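Worksheet for the structure shown next.
Count residues from 1 along the sequence. Remember, predicted model here, so these are calculated numbers, not experimental data.
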Amino acid sequence: MATRTAVEKVAAERVTHKRARPRRNELGVFGGLAHLALFVWALLVIVPLLWTFLSSFKNNTELFGDAWSLPAELRWENWGRAWDRAQVGRYLLNSVLVVAFGTMGTMLLGSMAAYVLARYRFPGNRAIYYLFVSGMAFPVFLALVPLFFVVKQFGLLNTHAGLVLVYIAYSLPFTVFFLTAFFRTLPTSVAEAAMMDGCSHTRTFFQVMLPMAKPGMISIGIFNILGQWNQYLLPLVLLPADREKWVITQGIADISTIAGYESDWPGLFAALSMAIIPVLLVYIIFQRQIQSGLTAGALK
């Protein structure tokens, strides 16, 4: 009887193993397709970047002769021409200032609003939260005309301060949405212990809870930097007149127009490369923090 039971057990294990094998094969197929899709996506991102950097060292003959060939020499004068004649340096500085203040304001206000909405219960809590979230469904171009007149009435048209305030307003919805979910994953016992030790609500937030939310803050901060750096419509509407205050996206658009008339395509690619490098460096430096911030809520 014991021998028969052992034989039946071995037979059952073999049947289970045979049934599980197609499942593993199926997962292997989907894993291969996923890796293939990621490889294709990486090529679609990396190849245009490399082509842009290489084109910035070519001349017009090389660009229009064989676009995929390597430059015969490194022509740094293309970069110098873009920096001096096209004023890329000034546009980059303006973008750095606007994005820096816009991101800091967004992170400060967004983190405070998200913390209150996530940790405190009061009448209208959900209504305020949904009001913030609804801002993500509102396209920017629908508000350009009224936004222009509102900023003009406040006397902030053609100023970096006006552009910074608008950047903060348009970045807050996603920031609050992201950080609210993140603050809900933090342990309540830590905040309660801080309150019992005599910390005020403000001190608990800035000295206890905000450092614990560092991964999420870094992740959403990088997203805000990328979004504000690449913004074109808002600067185009709010900084229309004074070229000295233009940001890099306006400068690149102007350079592309000038390059078409002057046939200075290498200068255009050099300007594009200078606009890409700061954002690329930020992502490379903080890529681990971005990944940990995006997965921290799921691991808690």
Heavy atoms from other residues, nucleotides or ligands near CZ of Arg203 exceed 12 (cutoff 6.0 Å): no

Parallel, tilted or perpendicular, as decided by the 30° and 60° cut-offs, for the rings of Phe178 and Phe182: parallel

Greater than 12 external heavy atoms within 6.0 Å of Phe177's CZ: no

Nearest heavy-atom neighbours spanning Ala270 and Ala82: CB-CB, 4.2 Å

Linked, directly or transitively: Val282 and Ile46 (ILVMFWY side chains, under 4.5 Å): no

Separation between CD1 of Ile252 and CG of Leu272, rounded to the nearest 0.5 Å: 5.0 Å

Ala143 versus Phe138, closest heavy-atom pair with distance: CB-CE2, 3.6 Å

Between CZ on residue Phe205 and CE on residue Met112, distance to nearest 0.5 Å: 6.5 Å

Nearest heavy-atom neighbours spanning Cys199 and Thr204: CB-OG1, 3.3 Å

Ser273 vs Trp79, side-chain contact (heavy atoms from CB on, under 4.5 Å): CA-CA, chis, key distance, verdict: CA-CA 9 Å; Ser273 300; Trp79 291 60; 3.6 Å; yes

side-chain contact (heavy atoms from CB on, under 4.5 Å) assessment of Val133 paired with Thr180: CA-CA 11 Å; Val133 173; Thr180 299; over 6 Å; no

CZ/Phe122: more than 12 non-hydrogen atoms of other groups inside 6.0 Å: yes

Any donor-acceptor pair under 3.5 Å from Glu62 side chain to Ala72 backbone: yes

Interatomic distance, Leu92 atom CG to Leu97 atom CG [nearest 0.5 angstrom]: 11.0 Å

Residue pair Lys58 / Pro71, side-chain heavy-atom distance below 4.5 Å: yes

Val164 reachable from Phe148 in the ILVMFWY side-chain graph, under 4.5 Å edges: yes

Hydrophobic cluster identity match, Leu268 and Leu63, side-chain contacts under 4.5 Å: yes

Whether Trp68 and Trp51 hold their rings parallel, tilted or perpendicular, with breakpoints at 30° and 60°: tilted

Contact summary for Met209 and Pro187, nearest pair of heavy atoms: CE-O, 4.3 Å

Side chain Asn125, main chain Arg121, donor-acceptor under 3.5 Å: no

Among Leu163, Ile248, Leu93, side chain to side chain contact (heavy atoms under 4.5 Å, CB included) partner for Val98: Leu163

Non-hydrogen side-chain atoms of Leu234 and Gln228 separated by less than 4.5 Å: no

Derivation and outcome, side-chain contact (heavy atoms from CB on, under 4.5 Å), residues Thr249 and Gln231: CA-CA 7 Å; Thr249 49; Gln231 183 60 245; 5.9 Å; no

Atom CZ of Phe149: over 12 foreign heavy atoms under 6.0 Å: no

Trace of the side-chain contact (heavy atoms from CB on, under 4.5 Å) decision for Met212 with Phe183: CA-CA 9 Å; Met212 294 176 62; Phe183 276 120; over 6 Å; no

Hphob cluster co-occupancy, Val140 + Val145, side-chain heavy atoms under 4.5 angstrom: yes

Ring centroid separation His160 to Phe101 under 6.0 Å: no

More than 12 heavy atoms from other groups under 6.0 Å of CZ on Phe154: no

Flag side-chain contact, heavy atom, 4.5 Å: Ser134 against Leu131: yes

Option among Thr106, Thr175, Thr103 that satisfies the side-chain hydrogen bond (donor to acceptor under 3.5 Å, both in side chains) test with Asn224: Thr175

Phe174 side chain reached by Phe132 side chain, heavy atoms, under 4.5 Å: no

Hphob cluster co-occupancy, Leu142 + Tyr232, side-chain heavy atoms under 4.5 angstrom: no

Side-chain (Trp246) to main-chain (Pro235) donor-acceptor, under 3.5 angstrom: no

pair Asn78-Phe269: side-chain heavy atoms closer than 4.5 Å: no

Any Leu233 side-chain heavy atom under 4.5 Å of Val237 side chain: no

Over all atoms of both residues, closest heavy-atom pair of Val208 and Ala194: CG2-CB, 4.0 Å

Spacing of Met274 atom CE and Ile255 atom CD1 [to the nearest 0.5 Å]: 7.5 Å

Heavy-atom pair with the smallest gap, counting every atom of Gly102 and Ile168: O-CG1, 3.5 Å

Close side-chain approach of Leu186 and Tyr115, heavy atoms under 4.5 Å: no

Main-chain N/O of Leu239 paired to Lys245 side chain as donor or acceptor, under 3.5 Å: no

Val279 side chain near Ile225 side chain, heavy-atom distance below 4.5 Å: no

Spatial distance of atom CE (Met217) from atom OG (Ser111) [nearest 0.5 Å]: 4.0 Å

Short side-chain to backbone donor-acceptor contact, Gln153 and Val150, under 3.5 Å: no

Glu73 CD to Leu70 CG distance, which is reported to the nearest 0.5 Å: 13.5 Å

Short side-chain to backbone donor-acceptor contact, Trp265 and Asn60, under 3.5 Å: no

